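These figures come from a predicted structure and were not determined experimentally. Lettering of chains follows the sequences in order, A, B, ..., and the numbering in each one begins at 1.
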Number of protein chains: 2
Amino acid sequence: MTSRPSRPRDRGIPEATVARLPLYLRALQGLSERGIPTVSSGELAAATGVNSAKLRKDLSHLGSYGTRGVGYDVEYLIYQISRELGLTQDWSVAIIGVGNLGRALANYGGFGTRGFRIAALLDAAPEVVGRRVAGLTVRHIDSLEDVVSNEDVSIGVIATPAKAAQGVCDRLIAVGVTSILNFAPVVLNVPDHVDVRKVDLSIELQILAFHEQRKSAGRQGSDWVDVLDA
Amino acid sequence: MTSRPSRPRDRGIPEATVARLPLYLRALQGLSERGIPTVSSGELAAATGVNSAKLRKDLSHLGSYGTRGVGYDVEYLIYQISRELGLTQDWSVAIIGVGNLGRALANYGGFGTRGFRIAALLDAAPEVVGRRVAGLTVRHIDSLEDVVSNEDVSIGVIATPAKAAQGVCDRLIAVGVTSILNFAPVVLNVPDHVDVRKVDLSIELQILAFHEQRKSAGRQGSDWVDVLDA
DNA sequence: CCCACTTTGTGCGTGCTTTCACAAGGGCGT
DNA sequence: ACGCCCTTGTGAAAGCACGCACAAAGTGGG
């Protein structure tokens, strides 16, 4: 959803593949911790819930890193995927909004451990500013511009209420942030060169409800119930 | 496919459309609160960041609810989308795992307002059980089976550590839950009739990092040599 | 009543994604 | 060295999704 139609030729890795690479990476890290040296596409596919042909095609976009008859070297593949995703360098992340969700994100282990460093927590509420959360002191939102410049923040995470999100987004972009992860339930308006990914908890629930309804409708036998007719 | 000309409606709504319906719904509810009675596909498309033709095609899967020359009746469309998503009934949700994330979810306003009722919060840690969170008393995980049966829970939200997730998932399925929203960073193993949606915070960040890396690589002019396909 | 204007609903071409099926490559036991 | 068995990498085909462009349908003014 972040790709734009007017983009010049995109000679790189398909978006659908990029979205799956982190999944493979996590599975591989699990194998690595268990000391498993090699893995076949079938095994890795089973561990990630992906079709094995799709997995092979995904990996083929990175290069030919497998060995026929054997499989893939776990450590080498971890390195290659990490490199492709840009995780061999550290990215500084600022979290704006230290409510329940912001705190959850700050304490979420997955962030700090691999490739991401939480550079700052920012909030507007006086009762939150100054408190320590996840080893960091929450700073006031007014220092956003300073923090982004000084800490070289390139990814902003918006966990504010919906009303504040666009304003925060604009300020992030104004100081050079070009990647934004948005948890606020609004559609952010951004220029073309900025990537936005959105995570919306209630949308996910609504999609589940749709399928759940379909299942229980079938169970009950009452098919189309076309009551209203203009 | 296999659309019968005699039937006005084809009930098979594409998955991509289903994923966007909640987006339209939220925008429409905003219009409704502002007292706007009708909206054109162009306006609604602008508000949701979607191509207007795509929006019309999405809505056409629900039926012909628009008026040519005028647009769509906001209230009527809200009702139709809600009905299609199954939000005209209330769904009971159980949240398992009341850590930082679980608390954030419990306090997330968007749940209760839109067809979802948090029926229970469950956790295994003694220091959490018994505490009140978001107006509910946290119950011990051992009462999961009782809660699901008595409260008619059909959607389970897993916000536990990764290690506990599969076990909780199995127990949910064993008592009849068929829709699961999983925040734990593991691939859940479930039978075919169970729907799982996964929200993974670090995966989203990694996808952003990929695009960010590509942008800064271009800016910096690294030793990347682009090779045109033959 | 008629005409100009607006907006929906959709046929169709295009490009991306997934899946199948298999040739090519590599290891291993004998 | 040889042949068997395994697994990768990839054409090719099928399936989806997207967006253009336009006919159909409805509104409102004169």
Would you mind reading off the distance between K54(A) atom NZ and dG11(D) atom C1', rounded to a whole angstrom?
19 Å

Side-chain donor/acceptor of S32(B) to backbone N/O of L28(B), under 3.5 Å:
no

Is it true that a side-chain atom of W91(A) and a backbone atom of Q213(B) form a donor plus acceptor pair closer than 3.5 Å?
no

Is the shortest distance from a Lys or Arg side-chain nitrogen in D58(B) or R20(B) to a carboxylate oxygen in the other one below 4.0 Å?
yes

How about R26(B) and Q29(B): does a side-chain donor come under 3.5 Å of a side-chain acceptor?
no

Between Q206(A) (side chain only) and L85(B) (backbone N and O only), is there a donor and an acceptor less than 3.5 Å apart?
no

Integer-rounded Å distance: dT10(D) C1' and L59(A) CG:
14 Å

Protein-to-nucleotide contact annotation, 5' to 3' order, nucleotides 20-30 of chain D [B base; S sugar-phosphate only; - none; under 4.0 Å, heavy atom]
BB--BBSS---

Calculate the interatomic distance between L62(A) atom CG and dT8(D) atom P; express it in whole Å.
14 Å

Note: for R20(A) and G42(B) on DNA chain C, the residue whose nearest nucleotide lies more 5' is G42(B)

So do the side chains of L25(B) and I78(B) get within less than 4.5 Å of each other, counting heavy atoms only?
yes

Name the one of V194(B), V168(B), D195(B) that satisfies side chain to side chain contact (heavy atoms under 4.5 Å, CB included) with I180(B)?
V194(B)

Which whole-number value in Å describes the distance from D58(B) CG to dC16(D) P?
16 Å

Any donor-acceptor N or O pair under 3.5 Å, side chains E212(A), S154(B):
no

So the contacted stretch of DNA chain C, first to last nucleotide with an atom under 4.0 Å from a non-hydrogen atom of chain B, runs from dT6(C) to dC12(C)

Compare side-chain N and O positions of S41(A) against OP1 and OP2 of dT8(D) and report whether any pair is under 4.0 Å apart.
yes

